[in-house]
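We name chains A, B, ... by the order of the sequence lines, and we start the count at 1 in each one.
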Number of protein chains: 2
Amino acid sequence: MNIGDAATASGLPAKTIRYYEEIGLILPSRDGNGYRAFATRDVHRLAFLARARALGFSIEECRALMALYEDEDRASEDVKHLAEQHLQRIDRRIAELQALRDTLAGLVQSCAGDNRPDCPILDDLASAARPAQAESG
Amino acid sequence: MNIGDAATASGLPAKTIRYYEEIGLILPSRDGNGYRAFATRDVHRLAFLARARALGFSIEECRALMALYEDEDRASEDVKHLAEQHLQRIDRRIAELQALRDTLAGLVQSCAGDNRPDCPILDDLASAARPAQAESG
DNA sequence: ATGGGCCTTCCAGCTACTGTAAGGTCAAGG
DNA sequence: CCTTGACCTTACAGTAGCTGGAAGGCCCAT
């Protein structure tokens with residue numbers, strides 16, 4: 001199977017597959033003409049990677065997950081640990097974004113959004129530059 | 001004021017300030033020795049940028065916000081529009097992460113996390129590779 | 001032989017910095 | 001006067017994870 005078909009089958013762009021080979025995530029064999037030859041197993045690996053990436057795991061985490069996937073003697077504990085770490089990272093990120101969102105939503109709401117120059121949003125951004133105008137207390 | 005003091009005053013690393021100059025976000029004057037000379041106004045701009053970046057605005061959005069900040073004849077509508085777009089992007093991102101989080105949390109919970117190899121997390125990741133084993137329905 | 005669609009490699013670019021190297025400047029101390 | 005050390009300068013490389021494009025090879029149909 002050539003890279004185009006592997007791309008279609010796995011859902012990953014051919015470019016991405018070449019990149020994954022370059023960084024050692026997969027190692028398809030080669031035909032006589034130099035074309036990559038993907039076995040069914042390779043396509044499974046690619047789909048595994050696609051799914052793991054879609055769940056937000058980093059490339060290095062995917063590498064580790066792949067190793068566990070291929071290791072019949074793995075402990076599910078190791079997989080769970082990776083997933084838990086990732087989950088915590090996502091939770092932190094959500095909390096950050098939520099805080100951002102709340103601040104921003106407040107600013108948006110306070111802004112008239114008309115053709116006059118007065119703007120609480122710009123005032124807020126500038127307030128960091130003029131701490132005399134108090135935001136603590 | 002040299003770059004070190006501007007960094008302290010604005011909360012941005014000196015490296016970042018040089019970068020901002022390179023991409024044309026600020027243009028401090030220069031002393032005879034080639035050192036950047038930051039006026040109070042420059043430090044205000046830097047703090048403005050720092051705050052806007054902390055709120056998650058992209059560099060290009062910061063450039064636009066800065067232009068509005070400096071334009072006395074701006075319409076607050078333009079600022080609000082930028083902020084609303086950003087807010088929507090954050091909302092979408094939060095929704096994405098939340099969906100991810102839910103999926104991942106389900107997987108984590110279903111995994112025993114012991115020293116046996118059986119692992120619903122890996123099963124899920126691999127399921128994309130073996131659609132015969134059904135996930136729809 | 002020629003056209004088109006696939007494949008190959010290599011290099012550049014994206015965001016927003018960050019690190020490092022090699023060197024210039026300046027004030028203090030001996 | 002010289003050194004030390006903290007500051008400053010530029011330029012280049014690297015980060016994550018691709019993505020686009022150039023230049024060229026392979027293969028099949030006409």
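- Separation of atoms CG (B/Leu122) and OG (B/Ser127) is listed at 11.0 Å; rounding is to 0.5 Å.
- Taking atom CG of A/Asp31 as the reference point, atom P of D/dC26 lies 13 Å away to the nearest angstrom.
- With respect to the salt-bridge test (charged N to carboxylate O, under 4.0 angstrom), the residues B/Glu96 and B/Arg93 qualify.
- To the nearest 0.5 Å, atom CG of residue A/Asp78 and atom CG of residue B/Asn115 are 10.0 Å apart.
- Once you apply a 4.0 Å limit to the heavy atoms of chain B, the touched nucleotides of DNA chain C run 5' to 3' over C/dA16 to C/dC26.
- In this structure, CG of A/Asn2 is placed 10 Å from C1' of D/dC26, rounded to the nearest angstrom.
- What you find for B/Ile3 and B/Phe38 is that their closest heavy atoms are CA-CE1, 3.6 Å.
- Rounded to whole Å, atom C1' of D/dC26 lies 15 Å from atom CD1 of A/Ile3.
- Using cut-offs of 30° and 60° on the angle between ring planes, the pair B/Tyr69 and B/Phe48 is parallel.
- Rounded to whole Å, atom P of D/dC18 lies 12 Å from atom CG of A/Leu46.
- Nearest heavy-atom pair across A/Ile17 and A/Ser10 is CD1-OG, 4.0 Å.
- Between A/Glu21 and A/Arg18 there is no salt bridge, since no side-chain N of the basic residue sits under 4.0 Å from a carboxylate O of the acidic one.
- Residues from residues 15-26 of chain A that place a heavy atom under 4.0 Å from any atom of DNA chain D, listed by number: A/Lys15, A/Thr16, A/Tyr19, A/Tyr20.
- One finds a side-chain N or O of B/Arg36 lying less than 4.0 angstrom from the OP1 or OP2 phosphate oxygen of D/dT9.
- The two residues B/Tyr20 and B/Leu49 make their nearest non-hydrogen contact at CD1-CD1, 3.8 Å.
- By the neighbour-count criterion of 12 heavy atoms within 6.0 Å, atom CD of B/Gln109 is sparsely surrounded, having that number or fewer from other residues, nucleotides or ligands.
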Protein N or O to nucleotides 23-25 of chain D N or O, pairs below 3.5 Å:
| from | atom 1 | to | atom 2 | distance (Å) |
| --- | --- | --- | --- | --- |
| D/dG25 | N2 | A/Tyr35 | OH | 2.9 |

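- A/His86 has its NE2 atom 15 Å from the C1' atom of D/dA16, to the nearest Å.
- The closest side-chain donor-acceptor pair between B/His86 and B/Arg89 falls under 3.5 angstrom.
- Here the shortest heavy-atom pairing between A/Leu100 and B/Leu55 reads CD2-O, 3.4 Å.
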